[in-house]
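Lettering follows sequence order; numbering is per chain, from 1.
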Amino acid sequence: MKSFTYERATSPAEAAAKAAKTPGARFIAGGTNLLDLMKLEIETPPHLIDVNGLGLDKIEATDDGGLRIGALVRNTDLAADDRVRRDYGVLSRALLAGASGQLRNKATTAGNLLQRTRCPYFYDTAQACNKRAPGSGCSAIGGFSRQHAVVGASTACIATHPSDMAVAMRVLDAQVETVKPDGKTRRIKIADFHKLPGTTPHIETALQTGEFITAVTLPKPIGGSHVYHKIRDRASYAFALVSVAAVIQPDGTGRVALGGVAHKPWRVEKAETDLPKGAKAVMAKLMADATPTPENEFKITLVERTLSAALMDARA
Amino acid sequence: MKFDTPATTNPIDQLKVVGKPTDRIDGPLKTTGMAPYAYEQHEAAPNAAYGYVVGATIAKGTIAALDLSKAESAPGVITIVTADTAGKLDKGNFNTAKLLGGPEIEHYHQAIALVVAETLEQARSAAGLIKVRYTKAKGAHDLEAIRTTATRHKDSKDSLVGDFAGAFSAAPVQLDVTYRTPDHAHAMMEPHASIASWEDDQLTLWTANQMIDWGRGDVAKTLGIPKDNVRLISPYIGGGFGGKLFVRADAILAALGSRQAKRPVKVALPRSFMFNNTPHRPATIQRIRIGASKDGKISAIGHENWSGDLAGGGPEDATQQTKFLYAGANRLITTRLAVLDLPEGNAMRAPGEAPGLMALEIAIDEMAEKLGLDPIKFRVINDTQVDPENPARPFSQRQLIKCLHTGADNFGWDKRGAPGKTRDGRWLTGMGVAAAFRNNLTMKSAARVKLDNKGVVTVETDMTDIGTGTYTIIAQTAAEMMGVGLDKVVVKLGDSSFPVSAGSGGQWGANSSTAGVYAACVKLREMIAKSQKFDPAKTTFADGKVTSGRKSIDLGKAAGASGMVAEDFIEFGDLGKTHQQSTFGAHFVEVGVNEVTAEIRIRRMLAVCAAGRILNPKSARSQVIGAMTMGAGAALMEDLVIDKRHGFFVNHDLAGYEVPVHADIPHQEVIFLDETDPMSSPMKAKGVGELGICGVGAAIANAVYNATAVRVRHYPITLDKLLKDMPQIA
């Protein structure tokens, strides 16, 4: 860990302004990912801005019948919220499928969106990684890639986004509310928030320098059956090989997003029109142009089968 | 005391204290955080500086340039140890690669430097400033690719009996299959950690080590100092599983760092070093051939095993159990070792048998199916009560069949269905069985027993408690022998100033170390009896009193004002040669496999063990259920993945190297058969902590097969290996 300076922000706008002032500064909230990365010198921020005291820990109804989730709402609290459990079950289920109780108690909503890949080569500073050290190459390509992306990957990076929560947010069409260093606010659709790796895998989100997430909003409830299936080798406390978030209406229409297959929560809206015909029908568009490795091509089959199980559960 | 004739009745047989499910006497200390582990010996070694290890980032080659300048001038840095500053270092008898590399690099994360600083954060930060330029050398990182170059290690003995080739080709029913087990990490909770302190030329090391005397010897040898100048202290150990049998880089670098810094230095290996810096269980390739008559009698059994290690290392002998487990007149059992440029391989819980049974006990299941026999019946048909290679040698005890039958009755084995035919909703369910086998090893073990004038018995031995319950069973032994309650016994362990014990390894610790305490107590009893002019043969020790005829005196009084001290050891004669001493068991597992996603989930596990006298059923049960859990990990998830381009284990943290969590282990049961083995020691006990892992993996594999009708022969059994053969979905 590099030594760093630390301060507490007193308002979101101030936090953003402060972050813009020191190149490489990071916001610190739950710290469940950042501190580990700092110990391993994968992240070496010279300055940390503590945003825990900003009061962004409330879940409120919005005027259009949705929910505004403060950036600092802990994963445990979000999963347990009555309104979330009632109207956005897929989100609650996704949250509870992630990490462990202790981690969920610390981890925040915004931090969850911003967590970094679990690619083992990203985690080993002796190995080439375009995400950690742009231009150094990708060790995962041709290496151990069982956990890696099968769609949306590039020749620069085949890492996946590890979040469960973000997959549910994607299926729910959440929006990310931010404030920029100049004090202006904006909303970013979750679909546009996470980036595919392309040639710049170190750029993971649409956030600009210093831009600070204040909340995540959910549109008004869409009803339907909410399913989150997370498939992994051990029963708990493991990242997804594949996960499926689905909201299915009584008529068989619905939405589906995937985790564990891409650099971002994976959703292909035009594939969803085929949902009433079953999992197989959806696959061609959902997993179009897949580029699996020999070690992870099983994920394609697993997506279809897991989606199939999710549809059975949704209709049960 | 020499143990060379079978044990007869002795005070242990009273079983007033021994054999009871006593809570751990060290439990309160541990649960309240008051038991100081190696890294926490702040009071014993105050003002310690912090050392942070730098590991090599190539698999093989040399350091071309090492630039310490930035690190040396970083805040808080006191000194930096490298091969250049360390002076001449030897290599420990139990180490394959050097613990401090440079300029030659033998494996990834081999230590090349230790940065010593005022704080951990300063040491770690400065360590990141060291710049290393390497000259890489080509290495061999793929066992499969170099398997044909493997040779017989000097300590490996082939077991060639009869005419295997002829008998196998003539057998009406044949099986010829190859299994693979991957490299495994010990993944214990406490990383390797040490604090070193020098006083003149005397080195004290508070360290986490299973084998104090081996460690003391290897520290001395490595540093080139007399063994008498080294003291090792290791009272509490947060798990080892074989990973702490030997001195590792933390201890040597702490010693070197402390010498350079001229103050105590503490070093804990970072978690990532557990995988590439310290030893691991090597991967194996195992070809098994079985030939049998149509009624299931084995006529030929072949087990060929390949593993790899650094030059000078040893094999993972996965054939050990095959030499003893089943009859068969014609035998071909060999193990071969290839030279691999990976981190060093070495012992992990039940070395040999654990991966060996993962293969053999699937093969037995496959063969039983070919024969149309229940796998328990097939095992019973081929049971042997003598060493198959040397039929003049009987087993001292062998209750394998009873273990299997007891397990079958308790588990509901008769409800097992045909492969792929039993379901519970979306889950295909299945049951599997495997035999458990682990040889019983015995080791010389000494202890000192003191009796004070208050009647308190204090036991001192350099034996270790690696979480196994040693403190408790030693206290039970001393209490039984001296006729006192546990509240009158103090146990002091893990200090090289105490008599040399068997140490904790190879599941020999419990039996051997308590037998050593027994020997010392026999001597103390004689001293006490003689001091009272009692005939030792007619003297009894009970209720805190020593009694002969109508004369009785409190132990404290008998001890006199200055107390009494006795020291003795147990050493073992030829009973292990005249009799094959082994422990036996049977594992039963039920799994569910999701027919859509192929997720595998264990539903329940049962182990039945026949392992001599169980000294403490509670701590023994804990050992067995822990071992079953470890076996579940080996079966379903544990896999040190090699990057064959760069020669290292890629998944070097506990997020990437998965071990079971609570949710993976819903229900476990253990049954101990009533057994005493008078050939093993005066305690009539044997080891059990490794038996528990032996066979578990195969029982799970066989249960997965029974659930799905899909046979996976390459561990771990993960869903991707089942998926293509799972039922079609709508």
Side-chain angles (χ1 to χ4, degrees), chain A residues 1-4 36 38-41 44 99-100 118-121 123-128 139-147 162 229-239 241-242 244 278-280 294-313 316, chain B residues 55-58 74-75 108-109 120-122 124-125 127-129 132 270 272 426 594-602 632-633 636-637 639 641-646 648-656 658-666 716-724 726 729-730:
Chain A
M1 187 184 278
K2 300 290 182 197
S3 53
F4 56 89
D36 284 351
M38 287 171 66
K39 288 178 191 172
L40 296 167
E41 298 195 354
T44 53
S100 66
R118 293 288 168 164
C119 171
Y121 296 98
Y123 264 79
D124 187 336
T125 51
Q127 301 301 318
S139 297
I141 295 174
F144 174 44
S145 59
R146 181 171 182 262
Q147 201 80 20
H229 269 338
K230 179 177 183 178
I231 310 301
R232 43 190 161 174
D233 294 320
R234 70 177 169 192
S236 177
Y237 198 36
F239 296 96
L241 292 168
V242 157
V244 169
K280 199 178 231 18
E295 287 183 358
N296 67 22
E297 62 184 349
F298 75 92
K299 285 190 175 185
I300 309 274
T301 310
L302 189 58
V303 164
E304 182 184 337
R305 297 182 74 105
T306 307
L307 177 56
S308 169
L311 295 179
M312 283 188 252
D313 284 351
Chain B
T57 55
I58 62 167
Y108 201 82
H109 276 179
L120 170 68
E121 289 76 14
Q122 288 170 333
R124 186 171 58 194
S125 176
L129 298 174
V132 194
S272 63
R426 205 175 288 163
N594 189 300
E595 67 167 339
V596 183
T597 61
E599 291 161 283
I600 305 160
R601 297 290 177 257
I602 291 171
L636 298 177
M637 58 193 83
D639 184 2
V641 178
I642 301 163
D643 186 314
K644 289 169 187 163
R645 305 164 304 175
H646 304 309
F648 73 109
F649 298 124
V650 184
N651 48 341
H652 51 67
D653 60 32
L654 289 177
E658 292 182 7
V659 298
V661 295
H662 284 97
D664 292 299
I665 311 291
I717 304 169
T718 46
L719 60 88
D720 45 305
K721 294 171 186 167
L722 294 173
L723 216 44
K724 67 180 189 316
M726 295 303 285
I729 49 164

Practice task
Could you give me the CA-CA distance, side-chain angles and deciding distance for A:Phe144 and B:Ile642, then say whether side-chain contact (heavy atoms from CB on, under 4.5 Å) is met?
Solution key: CA-CA 8 Å; A:Phe144 174 44; B:Ile642 301 163; over 6 Å; no
Problem - Side chain / backbone / both / neither for A:Asp36 at chain B, heavy atoms under 4.5 Å - result: neither
Handout entry: Contact class of A:Lys39 relative to chain B, heavy atoms under 4.5 angstrom
Key = both
Fill in the blank from the handout: So, the part of B:Gln122 with a heavy atom under 4.5 Å from chain A: the answer is neither
Practice task
Identify which of A:Thr44, A:Asp124, A:Thr301 forms the greatest number of heavy-atom pairs closer than 4.5 Å to chain B.
Solution key: A:Asp124
Practice task
Counting only heavy atoms closer than 4.5 Å, note whether B:Glu658 contacts chain A via side chain, backbone, both or neither.
Solution key: both
Fill in the blank from the handout: Cut-off 4.5 Å, heavy atoms of chain A, and the answer for B:His662 is neither
Practice task
Measure B:Val641 against the heavy atoms of chain A and call it side chain, backbone, both or neither at under 4.5 Å.
Solution key: side chain
Practice task
Give, as side chain, backbone, both or neither, the part of A:Leu241 having an atom under 4.5 angstrom from any heavy atom of chain B.
Solution key: side chain
Practice task
Scan side-chain atoms only and decide if A:Tyr237 and B:Asp664 contain a donor-acceptor pair under the 3.5 Å cut-off.
Solution key: no
Problem - Max heavy-atom pair count under 4.5 Å with chain A, selected residue of B:Leu723, B:Thr57, B:Asn651 - result: B:Leu723
Completion exercise
When the 4.5 angstrom heavy-atom criterion is applied to A:Thr125 and chain B, the contacting part is neither
Handout entry: Ion pair A:Lys299/B:Asp720, N-O distance below 4.0 Å
Key = no
Exercise for the section: Examine whether an atom of B:Leu722 lies under 4.5 Å from a heavy atom of chain A, and if so say whether it belongs to the side chain, the backbone or both; otherwise answer neither. Expected result: neither
Practice task
Go through the atoms of A:Arg146 and report whether side chain, backbone, both or neither lie under 4.5 Å from a heavy atom of chain B.
Solution key: side chain
Problem - Backbone N/O of B:Val659 and side chain of A:Arg234: donor-acceptor pair under 3.5 Å - result: yes
Completion exercise
Closest non-hydrogen contact found for B:Val661 with A:Ser236 is CG2-O, 3.6 Å
Exercise for the section: Would you mind checking if A:Asp313 and B:Arg426 are paired as a salt bridge, meaning a charged N to carboxylate O distance below 4.0 Å? Expected result: yes
Exercise for the section: Give the minimum heavy-atom separation between A:Lys2 and B:Leu129, together with the two atoms involved. Expected result: NZ-CD2, 3.4 Å
Exercise for the section: Return yes if some donor-acceptor pair links the side-chain N/O of A:Arg305 with the main-chain N/O of B:Ala598 below 3.5 Å, else return no. Expected result: no
Practice task
Select, from B:Lys644, B:Lys724, B:Arg601, B:Met637, the one with the greatest count of heavy-atom pairs under 4.5 Å involving chain A.
Solution key: B:Arg601
Problem - Distance, nearest 0.5 Å, that separates CG of B:Leu120 from CE of A:Met1 - result: 9.5 Å
Practice task
Let me know if B:Asp653 has heavy atoms under 4.5 Å from chain A in its side chain, its backbone, both or neither.
Solution key: side chain
Completion exercise
Given A:Val242, A:Thr306, A:Ile231, the one with more heavy-atom pairs under 4.5 angstrom with chain B than any other is A:Ile231
Problem - Reported CG-to-CG distance for the pair B:Leu719 and A:Asp233, which is rounded to 0.5 angstrom - result: 5.5 Å
